[in-house]
Amino acid sequence: MAASSNSSLSGSSVSSDAEEYQPPIWKSYLYQLQQEAPRPKRIICPGEVENRPKYYGREFHGIISREQADELLGGVEGAYILRESQRQPGCYTLALRFGNQTLNYRLFYDGKHFVGEKRFESIHDLVTDGLITLYIETKASEYISKMTTNPIYEHIGYATLLREKVSRRLSRSKNEARKASVTSEEHPTVEKVHTFRGPHWCEYCANFMWGLIAQGVRCSDCGLNVHKQCSKHVPNDCQPDLKRIKKVYCCDLTTLVKAHNAQRPMVVDICIREIEARGLKSEGLYRVSGFTEHIEDVKMAFDRDGEKVDISANLYPDINIITGALKLYFRDLPIPVITYDTYSKFIEAAKISSADERLEAVHEVLMLLPPAHYETLRYLMIHLKKVTMNEKDNFMNAENLGIVFGPTLMRPPEDSMLTTLHDMRYQKLIVQILIENEDVLF
């Protein structure tokens, strides 16, 4: 789905519209809450229960009262059992401990387990999803109610797309008026509840789409992914011919790697290959910025053409455009290469005064990264080490590269400017250590 038609598209020049574009800032608060949610703890019945339904496991305790269920749960957060109703034999209840109280839900099965709209393959998944939802709605109810007040929707069409729309509008003649009225006809979104594999962010409000399954809806024509509550606010401006947008940039790293059955994201491999072929001796490599509009063009080319993208010197003679596109890819990741979960551990490791102990601590935290993140970081550090080996020509050593890549590869979980400023020197040091010791750490 393309960006909505807004006031920025009626400007007097193409360049002014392109300059107004800002990449979306993915918000990590709800993702952090999901990570903190209680984990399910199955309370197993010690003996065999007669007439236990075949689709329930040993968490089924037979006909017991609410009071007995409460006692069995023992006040443990996330603990759960299944029981048969005393009043209505043949009816089953999930008893779940959350928020210092026992919650009881009528449980159904029709080939899948459910208590509401969502259907699950297992009781464990149902309880996990329920705990996540309960925790997030308890901790962030006010936040969720305000999610749609500051949408990013009109900003996700990308600068190149905006320029193309403006150019067409400015060059449109009076004779094309009728044709223009047809092409501008609204096309409603075709939304279907969707289960996202791997972390996903809403492309309307930029917040995390929480839960295990059916986290939101997806437009079957253009692929726009949004929360169910956000879908009510999306304008009817779906453009199916743009449905291949956003296939590489702004996509979760692990999700992208799995989708392409690759070790690393294609954009990382292709950009680094191009940079090493013709740019290692370029002065100020990675420090000097390329022209923003051309970087956006490369981004759009990856999203449009994937592995067939052409970023050769014939199209982009300035190598700084390619380095800029690679840095932009890392900045646009919803979860940074150095993940939110490991961020504080890396910062603490950087504060260790002993060089040997600091190196060992960094190595231990590296082992906590998801495989796709680890492999991407490893490959990047090998490349950056090659950059430093050409320092005599490009004037870029490990410290300089640490300054560039520190905030690009790692961001604090909380969106705090004060934390970011405070941690900058440690971010730089972590990247510097990774580059200088890549042969030992990876």
Side-chain angles (χ1 to χ4, degrees), residues 198-199 248-249 251-277 279-280 285-287 302 307 311 322-350 352 355-391 394 396-411 426-442:
V248 176
Y249 281 74
C251 178
D252 174 68
L253 196 155
T254 299
T255 303
L256 185 69
V257 166
K258 285 184 176 180
H260 290 273
N261 194 26
Q263 287 185 297
R264 299 172 298 274
M266 69 178 79
V267 65
V268 175
D269 281 355
I270 294 172
C271 284
I272 286 179
R273 191 159 58 239
E274 190 70 23
I275 293 163
E276 292 186 355
L280 286 178
L285 190 67
Y286 286 110
R287 178 179 56 79
F302 271 109
E307 294 177 350
I311 58 170
I322 310 305
T323 60
L326 181 59
K327 289 187 293 181
L328 180 62
Y329 170 76
F330 290 129
R331 288 198 301 272
D332 273 359
L333 286 172
I335 300 175
V337 175
I338 292 177
T339 61
Y340 293 124
D341 293 344
T342 59
Y343 178 86
S344 61
K345 296 181 178 66
F346 272 108
I347 295 298
E348 289 306 311
I352 298 174
D356 290 340
E357 291 179 13
R358 182 170 60 225
L359 195 63
E360 182 62 31
V362 169
H363 182 262
E364 288 179 7
V365 186
L366 276 174
M367 296 300 103
L368 301 177
L369 289 174
H373 288 249
Y374 177 90
E375 173 57 26
T376 301
L377 189 62
R378 183 193 70 83
Y379 191 72
L380 178 64
M381 292 305 120
I382 292 173
H383 164 65
L384 294 181
K385 186 67 170 284
K386 293 178 184 177
V387 174
T388 64
M389 292 167 66
N390 289 272
E391 181 187 354
N394 60 37
M396 295 299 290
N397 57 26
E399 184 178 4
N400 293 336
L401 290 168
I403 294 171
V404 173
F405 277 95
T408 301
L409 298 176
M410 54 193 305
R411 304 190 295 270
Y426 301 117
Q427 293 173 351
K428 181 211 75 170
L429 181 57
I430 286 296
V431 175
Q432 182 179 344
I433 291 170
L434 293 175
I435 297 171
E436 292 174 342
N437 301 277
E438 58 84 17
D439 54 335
V440 176
L441 291 171
F442 294 98

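Small disclaimer: the values here were computed from a predicted structure and weren't measured.
- Counting heavy atoms from C-beta on, the side chains of P265 and V268 come closer than 4.5 Å.
- Of the possible donor and acceptor atoms, one in the side chain of H373 sits under 3.5 Å from a partner among the backbone N and O of P336.
- Distance CD1/I433 to CG/L359: 7.0 Å, rounded to 0.5 Å.
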Stepwise side-chain contact (heavy atoms from CB on, under 4.5 Å) test for I430 and Q427: CA-CA 5 Å; I430 286 296; Q427 293 173 351; 5.9 Å; no
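- Taking CD of E274 as the start and CG of L326 as the end, the distance is 12.0 Å to the nearest 0.5 Å.
- Distance CD/E307 to CG/D269: 9.0 Å, rounded to 0.5 Å.
- Residues A350 and L429 come closest through the heavy atom pair O-CD2, 3.5 Å.
- The shortest non-hydrogen separation linking V248 to Y329 is O-CE1, 3.6 Å.
- Of the possible polar contacts, none joining the K386 side chain to the E276 backbone as a donor-acceptor pair under 3.5 Å is found.
- Across all non-hydrogen atoms, the minimal contact from F330 to R411 is O-NH1, 4.0 Å.
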Name every donor-acceptor pair, under 3.5 Å, that has one atom in a side chain of residues 396-410 and the other anywhere in the protein, sequence neighbours excluded.
unit_1: N397; atom_1: OD1; unit_2: E399; atom_2: N; d: 3.2
unit_1: N397; atom_1: OD1; unit_2: N400; atom_2: N; d: 2.8
unit_1: N397; atom_1: OD1; unit_2: N400; atom_2: ND2; d: 3.2
unit_1: E399; atom_1: OE2; unit_2: K428; atom_2: NZ; d: 3.4
unit_1: N400; atom_1: ND2; unit_2: F395; atom_2: O; d: 3.2
unit_1: T408; atom_1: OG1; unit_2: V404; atom_2: O; d: 3.0

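- When side chains are defined from C-beta on, L285 counts as touching I275, because their heavy atoms get closer than 4.5 Å.
- Closest heavy-atom contact between V431 and M381: O-SD, 4.3 Å.
- One finds the SG atom of C251 at 9.0 Å from the CG atom of L333 (value rounded to the nearest 0.5 Å).
- Applying the salt bridge (Lys or Arg N to Asp or Glu O under 4.0 Å) rule to pairs touching residues 362-378 yields R264-E375, E375-R378, sequence neighbours excluded.
- By the 4.5 Å heavy-atom criterion applied to side chains, Y379 and Q263 are not counted as neighbours.
- In this structure, the side chains of T339 and Y343 stay at 4.5 Å or more apart for every pair of heavy atoms.
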Derivation of the ring pair (Phe, Tyr, Trp, His ring centres under 6.0 Å) call for F442 and H363: CA-CA 8 Å; F442 294 98; H363 182 262; 8.6 Å; no
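- Crowding of D356 atom CG: a count of heavy atoms from other residues, nucleotides or ligands under 6.0 Å not exceeding 12.
- Partners of E348 according to the side chain to side chain contact (heavy atoms under 4.5 Å, CB included) rule, which considers only residues two or more places apart in sequence or in another chain, are K351.
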Test side-chain contact (heavy atoms from CB on, under 4.5 Å) applied to L366 and L441, step by step: CA-CA 8 Å; L366 276 174; L441 291 171; 3.9 Å; yes
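- Between the R358 side chain and the A349 main chain, no donor and acceptor come within less than 3.5 Å of each other.
- For the pair R273 and I270, the minimum side-chain heavy-atom distance is below 4.5 Å.
- Looking at Y249, its side chain does come within 3.5 Å of a backbone N or O of A325 through a donor-acceptor pair.
- In this structure, CG on D341 lies 7.5 Å from CD1 on I335, to the nearest 0.5 angstrom.
- A donor-acceptor contact shorter than 3.5 Å is absent between the side chain of T342 and the backbone of I338.
- Remark: C271 SG to L380 CG distance equals 11.0 Å, nearest 0.5 Å.
- N394 places a side-chain N or O within 3.5 Å of a backbone atom of V387 that can act as its donor or acceptor partner.
- Inter-residue side-chain proximity for L368 and Y374 is flagged as unmet; no heavy-atom pair is nearer than 4.5 Å.
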From CA spacing to verdict: side-chain contact (heavy atoms from CB on, under 4.5 Å), T388, K385: CA-CA 5 Å; T388 64; K385 186 67 170 284; 3.9 Å; yes
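- For the pair L377/L434, a side-chain contact is recorded, criterion being any heavy-atom separation below 4.5 Å from C-beta on.
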